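Below is one structure, written out as structure tokens; comments come after it.
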Amino acid sequence: MKRIFMALAVSTALVSPLAAKTLTEMFPDISETYNDEGIKALESLDFKQGKVTVGSNLATIDLADKFYFLDADDAGYVLTTLWGNPPDDSTLGMIFPADKTPLDDTWGIEVSFDDIGYVSDEDAGSYDYDELLKTMQQDMQDENEWRRENNYDTLELLGWAAPPYYDPEGRKLYWAKEIRFDGDETTTLNYNIRILGRKGVLILNFIADMDMLDQVDKAVPTVLEMTNFTDGNRYSDFKPSIDKVAAVGIGGLIAGKVLAKTGLIAVALIFLKKFFFLLLIPLYWLKNLFGRKNS
């Protein structure tokens, strides 16, 4: 099962109405594949392609034909109504593969923003990521004590699904972890992208199962290329005299040492103050209800 968490971000996604497609425009054969309940569940969505602006002119996502974007309202509907998560207005939107609906067995990317301030990347080349992994594994073991005491599933960090990589020119960071929940035979993929900006980091977190790793790996270069801060919000626009500097560097972003607005991922381990939430996405009974015909 896919587990995710939601955390703090701000604002909405803006896009020209001309770029939005209806369900039947985006998926002409939808009536042949989904039952009436499934179509009804999806027909309110606006599927946006082209160049979208997220936040208050914070960043742009220049969507290739391979993807579509759901704005904050539609993404919230998917996350809460279709996927069973508690209401939260933190997300800026979601990205999906163009040939899949949110009810298909597919991955999605939640987009949010963490205004922690300017993250210095001076330490980017100084990390031994094998040693960092060991520290993170120990941290997870320590956290499991709390989880047991509070009747939550424990987790095991098995290793890197994709080792951390930082692009110093684009100021873009990504990494992926493989995690196993206690009692699960399958493992969970936690694939993270962070784009550094003047006042914080843009967060793109994949919601995906481990068996989708190859699909996600193939999508990552395009996703990185098409997502950028706008003028005035770029990393190079930082003004030391007036802008806030984040308390962590690259390693802190990877290790998750900032217990604040870290987006939505496929892993259920989160810190909202000191509490954990375990969520399922999408709910399997919902997929059966809305499911494809004869598939």
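On a predicted model such as this, the values are computed, not experimentally measured, just so you know.
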Any donor-acceptor N or O pair under 3.5 Å, side chains Asp123, Ser126: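 There is no such pair between these side chains.
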
Donor + acceptor pair across side chains of Tyr34, Asp104 (<3.5 Å):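 On atom types as modelled, these side chains qualify, holding a pair under 3.5 Å.
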
Under the side chain to side chain contact (heavy atoms under 4.5 Å, CB included) test, which residues partner [X], sequence neighbours left out?
X	answer
Glu225	none
Asp74	Leu45, Asp46, Leu70, Asp71
Ser120	Glu122
Gln137	Leu133, Lys134, Leu157

Pairwise side-chain contact, [X] with [Y], heavy-atom cut-off 4.5 Å (strictly under):
X	Y	answer
Val223	Leu204	yes
Asp182	Leu155	no
Val119	Leu253	yes
Asn205	Arg194	yes
Val78	Pro102	yes
Thr222	Val220	no
Thr154	Arg148	yes
Trp160	Lys177	yes

Kindly work out whether a path of hydrophobic side-chain contacts (I/L/V/M/F/W/Y, heavy atoms less than 4.5 Å apart) joins [X] to [Y].
X	Y	result
Trp175	Leu132	yes
Phe113	Met226	yes
Tyr127	Met136	yes
Leu158	Phe206	no
Ile250	Val248	yes

Derivation and outcome, side-chain contact (heavy atoms from CB on, under 4.5 Å), residues Leu23 and Glu43: CA-CA 5 Å; Leu23 178 63; Glu43 63 185 2; 4.2 Å; yes

Sequence neighbours excluded - salt bridge (Lys or Arg N to Asp or Glu O under 4.0 Å) pairs with any residue from residues 235-247: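 For residues 235-247: Arg198-Asp243.
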
Salt bridge (Lys or Arg N to Asp or Glu O under 4.0 Å) against Asp231, all qualifying residues, sequence neighbours excluded: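 Salt bridge (Lys or Arg N to Asp or Glu O under 4.0 Å) check on Asp231 returns Arg234.
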
Partner residues of Arg180 under the salt bridge (Lys or Arg N to Asp or Glu O under 4.0 Å) criterion, sequence neighbours left out: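 Expected list: none.
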
Worked verdict on Val54 versus Ile61 for side-chain contact (heavy atoms from CB on, under 4.5 Å): CA-CA 8 Å; Val54 297; Ile61 305 174; 4.0 Å; yes

Please tabulate, one pair per line, all N/O donor-acceptor pairs under 3.5 Å involving side-chain atoms of residues 212-219, not counting sequence neighbours.
residue	atom	partner	partner atom	Å
Asp217	OD1	Tyr191	OH	3.0

Stepwise side-chain contact (heavy atoms from CB on, under 4.5 Å) test for Ile203 and Ile193: CA-CA 6 Å; Ile203 297 168; Ile193 293 175; over 6 Å; no

Quick one: closest heavy-atom pair of [X] and [Y], and the distance?
X	Y	answer
Met140	Ile179	CE-CD1, 4.1 Å
Leu82	Ala41	CD2-CB, 3.9 Å
Thr106	Lys100	OG1-CG, 3.6 Å
Ala98	Gln49	CB-NE2, 4.1 Å
Gly200	Phe229	O-CZ, 4.1 Å

Asp65 atom CG, over 12 foreign heavy atoms within 6.0 Å: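 No, the 6.0 Å shell around CG holds no more than 12 heavy atoms from other groups.
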
According to ring-ring contact (aromatic ring centres under 6.0 Å, His included), who are the partners of [X], at least two apart in sequence or on a separate chain?
X	value
Tyr68	Phe47, Phe96
Tyr77	none
Tyr118	Tyr235, Phe238

Residue pair Ile109, Ile207: steps toward the side-chain contact (heavy atoms from CB on, under 4.5 Å) verdict: CA-CA 6 Å; Ile109 306 172; Ile207 305 166; over 6 Å; no

Without placing hydrogens or testing angles, list every side-chain donor-acceptor pair under 3.5 Å for residues 163-172, not counting sequence neighbours.
residue	atom	partner	partner atom	Å
Tyr166	OH	Asp121	OD2	2.7
Asp167	OD1	Glu169	N	3.0
Asp167	OD1	Gly170	N	3.3
Asp167	OD2	Gly170	N	3.2
Arg171	NE	Pro168	O	3.3
Arg171	NH1	Asp121	OD2	2.4
Lys172	NZ	Leu224	O	2.3
Lys172	NZ	Thr227	O	3.0
Lys172	NZ	Asn228	OD1	3.1

